[in-house]
Amino acid sequence: MPIPFDNSFSRLPDGMFTRQNPVPVAAPKLITINEKLCDTLGLDISDLTVEVLSGNAVPTGAAPLAQLYAGHQFGNWNPQLGDGRAILLGEVAGFDIQLKGSGRTPFSRGGDGRSWLGPVLREYIVSEAMHALSVPTTRALAAVTTGEDVLRETALPSAILTRVASSHIRVGTFQVYAARGQTNLLKPLTDHTIARHYPDANGPEDLLKSVIKAQASLIAKWMGLGFIHGVMNTDNCAVSGETIDYGPCAFMDEYDPGKVFSSIDQTGRYAYGNQPRIAIWNLAQLATSLIPLMPDEAAAIETFTHAVNGFSEVYQTQWLQVFGAKFGLANPTLDDAELIQDFLDLMVGSDFTQTFAALHTNAARDHITDAAAFDTWASKWQARRAENYADIMSKANPQVIPRNHLVEEVIQAGLNGNYAPFHDMLAAVTNPNERHEKYSRAPRREEAISQTFCGT
Ligand code: AMP
Ligand code: MG
């Protein structure tokens, strides 16, 4: 049976993508395939041969293409980015099936269109962990090695990730047509996005408000897990509200609101505590891009500005929900925000995940430096928490997150052809509420990783 592709993006007007097949590779080998996700998508696993997953064979019904987009990278406008190392094969059950690391495209600029093994393993593990942690995200359907090397600082084995997303439409996808004055493309993109993601939205204003809500909810979830995206450029901001692009991302070990991992984020633009502000910045770019579709520019600027400013209120509500659950509060109110913030202030320097995971037993006291201050805080908390607080908390405070030093260990083993650690870690992080001897533990000082690299 052929894969049941529907390729709605490929039916959009010319100028929004280039038809492009993946570039074949020398000797593809399967690392892993996500059987559960295959089932969810109604895919027959036998159709996803290593030839298909490596781009050596284009399956019947696919309409391979590279999408155009632009974006602000670290605040600087880049008028043309696009899929420089990814090919959208088509859509199945409403989801994009994309090969990432599949060779050069017209959007590759200086790049080789490939990915080395490290980022592929990292994205596989972290995106599947995010899904297991109930955070909207792109998914990983498969990973293969290519039998070829790519040149980074040294020669490294290359690999291809099959990424699944409810779409790959980004803020930068809107920006490119707005910047070029191509309302003739901006309009169908907007209609397509509404039909696909927000079918109840009535026009650009509703679309904007829907994306604002989705992003506010997403960022609140990131914050609740100590997740730092690391490269929140507008081209890495999906309008679906899914987490996309796992380049230099990291879950922090020790809590520090100013934490930055990415080696290229010199000014801390994408620091943990800055993420909500950056989301607003990105949404302002989306708002700006949608204005050409509005009949009255001045009126649109006013309503769109108001909508973007509304992010803070939506975010605050979402943040209260997320963090309220972490403290076992049944109906967190604005008063509880202070209780929550007081605890966060106390836990600076303590392991974010472990401290929360211990909180329902009061063992969190051992994680907090100022025990007396903890006791004062705890008496206020005990007066506030719900009767079934332990229940609420165990769901909201995972035992396992994909820690950086362990992801690195997986990558190092993978480079030696040993994927046992990859499978081991994947099993642990996709079962995040179960305590795990190895994967729950915080790194010792000498194990901890303080910097991540974009390393495409
Ligand atoms: P990213 O850092 O993954 O968000 O990518 C930013 C832009 O750089 C996108 O347009 C990518 O397609 C492009 N890019 C990243 N790595 C490569 C590569 N190895 N070859 C070609 N283009 C790339
Ligand atoms: Mg990207």
Side-chain angles (χ1 to χ4, degrees), residues 16-18 20-23 25 55 64-88 96 98-124 126-127 130 137-140 145-146 148-165 167-176 179 218 228-240 242-250 261-266 269-270 278-279 282 285 452-456:
M16 298 175 67
F17 55 85
T18 309
Q20 168 80 46
N21 281 351
V23 180
V25 298
L65 60 86
Q67 291 180 347
L68 173 66
Y69 54 87
H72 281 93
Q73 300 177 304
F74 289 89
N76 301 308
W77 174 241
N78 194 326
Q80 190 186 297
L81 292 162
D83 289 330
R85 52 160 164 174
I87 294 292
L88 174 65
D96 279 6
Q98 190 200 60
L99 301 181
K100 188 173 171 189
S102 50
R104 286 182 52 81
T105 78
F107 307 121
S108 297
R109 297 169 288 155
D112 58 7
R114 296 291 180 196
S115 176
W116 73 277
L117 179 64
V120 169
L121 296 181
R122 172 189 297 274
E123 176 159 348
Y124 201 112
V126 183
S127 66
M130 289 291 258
T137 177
T138 64
R139 303 286 308 274
T145 50
T146 63
E148 295 175 5
D149 280 350
V150 283
L151 203 59
R152 294 297 179 257
E153 265 155 34
T154 57
L156 292 162
S158 85
I160 298 173
L161 180 83
T162 305
R163 178 161 73 179
V164 171
S167 86
H168 285 84
I169 301 166
R170 312 136 193 270
V171 169
T173 319
F174 287 84
Q175 286 182 287
V176 72
L218 177 68
I228 301 164
H229 182 282
V231 61
M232 287 177 71
N233 296 335
T234 57
D235 54 302
N236 293 331
C237 176
V239 295
S240 64
E242 287 173 351
T243 312
I244 187 169
D245 204 317
Y246 288 90
C249 71
F261 280 93
S262 172
S263 59
I264 54 171
D265 191 359
Q266 302 281 338
R269 179 181 170 91
Y270 299 143
I278 291 295
N282 288 346
Q285 306 312 314
T452 53
F453 299 88
C454 233
T456 65

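Keep in mind that this is a model prediction, so the values were computed, not measured. Counting starts at 1 for both ligands and their atoms, in listed order.
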Which of the listed options, G82, A66, G101, holds the heavy atom that is closest to atom 11 (C) of ligand 1?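 That would be G82.
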Heavy-atom nearest neighbour of atom 16 (N) of ligand 1 within options R170, K100, R85: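 Minimum heavy-atom distance to atom 16 (N) of ligand 1 goes to R85.
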Just jot down the ligand 1 atoms closer than 4.0 angstrom to any heavy atom of [X], in number order.
X    : answer
G111 : 20 (N), 21 (C)
G84  : 12 (O), 20 (N), 21 (C), 22 (N)
R114 : 19 (N)
G113 : 18 (C), 19 (N), 20 (N), 21 (C)
R109 : 7 (C), 8 (O), 9 (C), 10 (O), 13 (C)
S108 : 21 (C), 22 (N)
Y69  : 9 (C), 10 (O)
N236 : 4 (O)

F74 and Y270 aromatic centres sub-6.0 Å: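 Centroid distance F74-Y270: below 6.0 Å, so yes.
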For the Mg ion (ligand 2), check which protein N, O or S atoms are under 2.8 Å away and list them.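 Correct list: N236 OD1, D245 OD2.
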Tell me whether [X] reaches ligand 1 (any heavy atom closer than 4.0 angstrom to a ligand atom).
X    : answer
R104 : no
G247 : no
R152 : yes

Could an N or O of ligand 1 be found under 3.5 Å from any N or O of Q73, whether backbone or side chain?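 No; the residue has no nitrogen or oxygen that sits under 3.5 Å from a nitrogen or oxygen of the ligand.
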Polar-atom distance check: F107 versus ligand 1, any N or O pair below 3.5 Å?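 The answer is no, given that F107 and ligand 1 share no N or O pair closer than 3.5 Å.
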Please step through side-chain contact (heavy atoms from CB on, under 4.5 Å) for the pair V25 and R114, ending with a clear verdict. CA-CA 10 Å; V25 298; R114 296 291 180 196; 3.5 Å; yes
Could you verify whether a donor N or O on one side chain and an acceptor N or O on the other, from S158 and T146, lie under 3.5 Å apart?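 Indeed, the side chains of S158 and T146 share at least one donor-acceptor pair under 3.5 Å.
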What is the minimum heavy-atom distance between [X] and [Y], and which atoms define it?
X    : Y    : result
G75  : H72  : O-CD2, 3.4 Å
I244 : C237 : CG2-N, 4.3 Å
Q67  : F17  : CA-CB, 4.1 Å

Using a 4.0 Å heavy-atom threshold (strictly under), name the region of D235 that reaches ligand 1: side chain, backbone, both or neither.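 Just the side chain.
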Rounded to the nearest 0.5 Å, what separates atom CE in M16 from atom CD1 in I169?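 Atom-to-atom, M16:CE and I169:CD1 are 7.5 Å apart.
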Distance in Å, S262 OG paired with R269 CZ, rounded so as to fall on 0.5 Å steps: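 Spacing of OG (S262) from CZ (R269) equals 12.5 Å.
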Ignoring hydrogens and geometry, is there a side-chain-to-backbone donor-acceptor pair from T105 to D83 under 3.5 Å?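 Yes; at least one donor-acceptor contact below 3.5 Å.
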Candidates N236, T138, T137 - the one meeting side-chain hydrogen bond (donor to acceptor under 3.5 Å, both in side chains) with Y246: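 Looking at N236, T138, T137, the match for Y246 under the side-chain hydrogen bond (donor to acceptor under 3.5 Å, both in side chains) is T137.
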Which of these passes side-chain hydrogen bond (donor to acceptor under 3.5 Å, both in side chains) with D112: R85, R104, R152?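 The side-chain hydrogen bond (donor to acceptor under 3.5 Å, both in side chains) with D112 is passed solely by R152 among R85, R104, R152.
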Residue list, side chain to side chain contact (heavy atoms under 4.5 Å, CB included) with A155, at least two apart or on another chain: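 By the side chain to side chain contact (heavy atoms under 4.5 Å, CB included) rule, A155 matches D149, L151.
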Test side-chain contact (heavy atoms from CB on, under 4.5 Å) applied to V239 and F174, step by step: CA-CA 10 Å; V239 295; F174 287 84; 3.9 Å; yes
Between V126 and T243, is a side-chain contact (heavy atoms from CB on, under 4.5 Å) present by the stated rule, with each step listed? CA-CA 11 Å; V126 183; T243 312; over 6 Å; no
